[in-house]
> 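Sending over a structure as structure tokens; questions will come in a sec.
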Amino acid sequence: MPTIVAQTKPWRTLLAVSLMLVTAGCTRKPGPASALKPTGFGAALVESSGGKQIGATGMVLAQPLLVQVNDEQGTAVTGALVEFSGPTGVSFDPPSGLTDSSGQLSTNVALGSMAGRYQLVAHTSTKTQKPVELKIEEIALGYQEQVGFQLDNKYCARCHDPESTPERVSNYDNLETKPHPFTEGDTLNKMTDAELTAIISHGGPALNKSALMPPYGYTLSKTEIEALISYIRLISDPPYHASGMVYAQK
Ligand code: HEC
């Protein structure tokens, strides 16, 4: 199986996480005895890039997580100490550091061994020691969802993903009826697993929808269709209630 290429496009909107919070075992808190001495202090932490990636369990995400420390006026702060923490199994390289001349610090993130949504936290503190936090979410696909991801790339993305890549020109703009990207939870979460199975197996007309949605019942096995559905459920935004595994620290 080819290795998974994490999706570069972030999820559309912020996650309204109304899910079961799973706190697996001990959580990792930033070490108090950090050897790094901050030379600057900010008032806010913002995400520059690297949040909302879709990767594989146990793997380093394709893009580093880049955060920025700003002061009250929104100006970048150099030399501010930032520490990263996450649920059990998540690792950061480096786990902490000082912001550079553009106020930024980047870290490589490896997700844990469980499939699901991971909540990561970046920490800094103000001059008066007030903690400042930024929460970031990433998704780890398990084996089944990775199979679904690859099937999506092979069969579905050319219509369901409006963006073209060098390998795949999107057909989206040519379609009279627009399909939804699989992250679009507002639409897809309202469909039951049985409905998803029906439209994927028998095409749009099975649900009185457009015949531009082709039937895949002859191309894909039952197991492959299930893999696609578990993938669609995991990446949906807002999250699909029944796939609600969120790994976060207390
Ligand atoms: C040739 C273009 C095309 C391809 C390829 C395609 N679809 Fe679709 N799909 C559509 C269109 C168009 C609709 C919207 C039908 C409507 O709303 O009437 C749709 C609708 C759907 C829906 C209902 C939700 C929505 O987006 O409106 C699901 C679920 C779905 N497709 C799954 C898949 C899966 C899974 C694959 C790959 C195995 C796939 N589609 C491949 C065109 C396509």
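In this chain, residues are counted from 1 in sequence order. Keep in mind the model is a prediction, meaning the values are calculated, not measured. Counting convention: from 1, in listed order, for ligands and their atoms alike.
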> What I want to check is whether the side chains of Glu163 and Ser170 have a donor and an acceptor closer together than 3.5 Å.
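No - no donor-acceptor pair under 3.5 Å links their side chains.
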> Stepwise, does the side-chain hydrogen bond (donor to acceptor under 3.5 Å, both in side chains) test hold for Glu184 with Ser236?
CA-CA 6 Å; Glu184 212 147 294; Ser236 103; over 6 Å; no
> Is atom 8 (Fe) of ligand 1 under 2.8 Å from any N, O or S atom of Cys156?
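Within the cut-off used here (under 2.8 Å), Cys156 places no N, O or S atom near atom 8 (Fe) of ligand 1.
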> How far apart are the C-alpha atoms of Asp152 and Gln150, what are their side-chain angles, what is the distance that settles it, and do they pass the side-chain hydrogen bond (donor to acceptor under 3.5 Å, both in side chains) test?
CA-CA 5 Å; Asp152 172 22; Gln150 277 153 1; over 6 Å; no
> List every atom of ligand 1 that sits less than 4.0 Å from any heavy atom of Ile200, numbering the atoms from 1 in the order shown and giving each element.
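Selected atoms, number and element: 32 (C), 35 (C).
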> Which atoms from ligand 1 have a heavy atom of Pro214 less than 4.0 Å away?
3 (C), 4 (C), 6 (C), 7 (N), 43 (C)
> Provide, to 0.1 Å, the distance between atom 41 (C) of ligand 1 and the closest protein heavy atom, together with that atom's residue and name.
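Minimum-distance protein heavy atom for atom 41 (C) of ligand 1 reads Tyr216 OH, 3.4 Å.
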> I'd like to check which ligand 1 atoms, numbered from 1 as shown, lie under 4.0 Å from a non-hydrogen atom of Thr177.
12 (C), 16 (C), 17 (O), 18 (O)
> Could you go through Thr183 and Asp237, starting from their C-alpha distance and side-chain angles, then the distance that decides it, and tell me whether this counts as side-chain hydrogen bond (donor to acceptor under 3.5 Å, both in side chains)?
CA-CA 5 Å; Thr183 45; Asp237 173 25; over 6 Å; no
> Does a sphere of radius 6.0 Å around NZ in Lys178 hold more than 12 heavy atoms from other residues, nucleotides or ligands, not counting ones at 6.0 Å or beyond?
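Result for NZ/Lys178: enclosed.
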> How far is atom 22 (C) of ligand 1 from the closest protein heavy atom, and which atom is that?
Ile199 CD1, 3.8 Å
> Could you list the atoms of ligand 1 found under 4.0 angstrom from a heavy atom of Ser210?
15 (C), 16 (C), 18 (O)
> Within ligand 1, which atoms have a heavy atom of Leu196 less than 4.0 Å away?
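Within the 4.0 Å cut-off of Leu196, ligand 1 contributes 29 (C).
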> Taking only heavy atoms of Phe182 into account, list the atoms of ligand 1 that are under 4.0 Å away from them.
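Here the atoms of ligand 1 in question are 32 (C), 33 (C), 34 (C), 35 (C).
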